[in-house]
Amino acid sequence: MAEDYPIRLIGADEFDMFRRVHGHAFNGGAPSAARLARSLRMFEPERSLAAFDDSLPAGESLVGTAGAYTFAMAVPGAVLPVAGVTAVSVLPSHRRRGVLRSLMRRQVTDLAARGGEAVAVLWASETPIYGRYGYGRATTNAYFRFERGDGALAATAAVDPALRLRLAEPHAVAGELAKVYDSVLPAQPGFFARSADWWERLLSDEPESRGGFGPLRCLLAEDAAGVRGYALYAARERWDEPANLPDSLIVVREVLGADPAAGAALWHNLLTRDLVSTVTAELRSAEDPLIYQLFDQRRARVQVCDGIWARIIDLPAALTGRAYSGPVDVVLQVTDELLPGNAGRWRLRAAADGLRAEAACRRTDEPADLALDVRELGAAYLGGTRLGTLAAAGLVTELRPGAVRRLSSAMSWDPAPWCPQIF
């Protein structure tokens, strides 16, 4: 049973054991020295929980893990402190024994006690896992696959004659990439502030990890004032024998434009390369502007899946920490199995202009307008999952006619939330 596995915070000297469990659980190989050093720098032992099996030898007794990064993440109308939950894993030998359940419950409780972070976010390795602990799917990611000739842009796609494209070594222009990213971040829910280590992780290009592809490359879109967008990608040379036809592949790691014309110029170049038969891109927004810049949207062969999941830790702080797209005055009946401090009846009010500073959320005895679990509130928090859709699925109960529609509209946000990097 789970009670047989004590849980505690670990020290920096236990990092190797922590990594061992993660490696076994995710079927990973031995990390390179550079990757291991970066992981150790980014490791936060004071936020890293472990479960132990005391019947095992001391060096092998760690059997389950759950960690968190200290983040600042954009939410609708603000950038807030957020817990980036990561490294949740259990040894294959200790599955189905309640280890994960105990770790997740302890972590949620610790986050609430720690304070300062009203929301936790994570990437789910499997979608059925985290709803049990109050997490809701908050963003949707897309995968694109273009074959030769599929990438033509529409005549309506934004064009700026002042833009020029330039190839550069990724690490040499990391500062310019960060300026573009940071200019987009405040208005893009789901973006988190990247430290130097996060940029190093994004730009990592160890030969043994390339999987047959060439080195990471960078394409810049710039004008006289500076860089307005970038693309990070890798290519694999291939020829269709015996006809000797070019059949190379491009895998896009990240494309970001500070404006529509910069994004269009980068994509046009990538999608019309000579000798290339296939271009793929993952971790894109399901509302990527590229879809609407294409001459034929179906050619993107879009596949969508869940992105990051969000969990409300401090309900009043979370709901007053973001902005709203319209006026709000609603009474919520919230259930939260793990954090009783979130449960109960809350009156949420926000000004008609959506200013975050004028939002208020307080306990009330007034009749509830709608009822929902904290999981659905987390799903809607970043503005991408509509409460109306959740109500249609039977997950939100309307108690006053029109309440769901009004709150769903107010919590929705443009642009749609998007997180382009797994943490």
Side-chain angles (χ1 to χ4, degrees), residues 68-85 104 107-122 130-131 133-139 186 188-193 307-351 354-364 368-387 390 395-396 407-413 416-417 419:
Y69 293 115
T70 301
F71 276 163
M73 176 173 281
V75 304
V79 177
L80 301 179
V82 167
V85 173
M104 294 306 297
Q107 185 183 60
V108 167
T109 302
D110 284 1
L111 288 172
R114 174 189 175 97
E117 295 165 332
V119 179
V121 293
L122 57 76
Y130 294 100
Y133 312 112
Y135 285 86
R137 193 202 72 180
T139 73
Q188 177 56 69
F191 271 32
F192 62 89
I308 58 173
W309 294 59
R311 212 281 184 205
I312 305 297
I313 300 298
D314 182 333
L315 186 144
L319 294 184
T320 57
R322 56 154 290 174
Y324 296 85
S325 295
V328 178
D329 191 350
V330 65
V331 176
L332 307 173
Q333 180 69 48
V334 180
T335 56
D336 189 337
E337 179 190 354
L338 301 187
L339 294 178
N342 286 334
R345 210 169 292 172
W346 300 87
R347 184 175 182 183
L348 171 65
R349 289 180 287 180
L355 291 176
R356 178 171 59 94
E358 297 186 22
C361 185
R362 297 184 178 89
R363 289 198 175 275
T364 183
D369 298 317
L370 56 87
L372 73 172
D373 189 79
V374 72
R375 178 182 60 246
E376 278 62 63
L377 203 55
Y381 185 72
L382 292 179
T385 303
R386 297 187 68 88
L387 283 176
L390 298 175
L395 300 172
V396 176
L407 184 57
S408 181
S409 177
M411 292 192 73
S412 298
W413 197 259
C419 185

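Remember, predicted model here, so these are calculated numbers, not experimental data.
Nearest heavy-atom pair across Ile313 and Ala120 is CG1-N, 3.9 Å. The two residues Thr139 and Ile308 make their nearest non-hydrogen contact at OG1-N, 2.8 Å. In terms of heavy atoms, Gly341 sits closest to Trp346 at O-CZ2, 3.4 Å. The two residues Arg375 and Tyr135 come nearest to each other via the heavy atoms CG-O, 3.1 Å. Minimum interatomic distance between Gly378 and Ala138 (heavy atoms only, all atoms of both residues): O-CB, 3.9 Å. In terms of heavy atoms, Ala74 sits closest to Leu382 at O-CD2, 4.1 Å.
Atom CG of residue Leu338 and atom CG of residue Leu111 lie 11.5 Å apart, to the nearest 0.5 angstrom. The OG atom of Ser412 lies 7.5 Å from the CG atom of Leu387; values are rounded to the nearest 0.5 Å. With rounding to the nearest 0.5 Å, the separation of CD in Gln333 from CG in Asp373 is 11.5 Å. Taken to the nearest 0.5 Å, the CG atom of Leu377 stands 10.0 Å off from the CG atom of Leu390. Taking CG from Leu348 and OG1 from Thr320, the interatomic distance works out to 8.5 Å, rounded to the nearest 0.5 Å.
Contact check for Thr385 versus Glu376: no side-chain heavy atoms found under the 4.5 Å cut-off. Side-chain contact check for Leu319 versus Tyr324: some heavy-atom pair is nearer than 4.5 Å. Using a 4.5 Å cut-off on side-chain heavy atoms (C-beta onward), Arg322 and Trp413 make contact. For the pair Phe192/Val82, no side-chain contact is recorded, criterion being any heavy-atom separation below 4.5 Å from C-beta on. Counting heavy atoms from C-beta outward, Leu80 and Val119 have side chains that stay 4.5 Å or more apart. Counting only heavy atoms from C-beta outward, the side chains of Leu372 and Val334 approach each other to under 4.5 Å. Side-chain contact check for Leu407 versus Val328: some heavy-atom pair is nearer than 4.5 Å. Here the side chains of Asp329 and Arg347 are in contact, with some heavy-atom distance below 4.5 Å.
For Tyr381 (side chain) and Ala318 (main-chain N/O), a donor-acceptor pair under 3.5 Å exists by modelled atom type.
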**Request:** Begin with the C-alpha distance, continue with both residues' side-chain angles, and end with the deciding distance and a verdict on side-chain contact (heavy atoms from CB on, under 4.5 Å) for Val374 and Glu337.
**Result:** CA-CA 9 Å; Val374 72; Glu337 179 190 354; over 6 Å; no
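Residues Arg311 and Asp336 are paired through a salt bridge, judged by an N-O separation under 4.0 Å between the basic side chain and the carboxylate.
Inspection of the Arg345 and Thr364 side chains reveals no N or O donor paired with an N or O acceptor under 3.5 Å.
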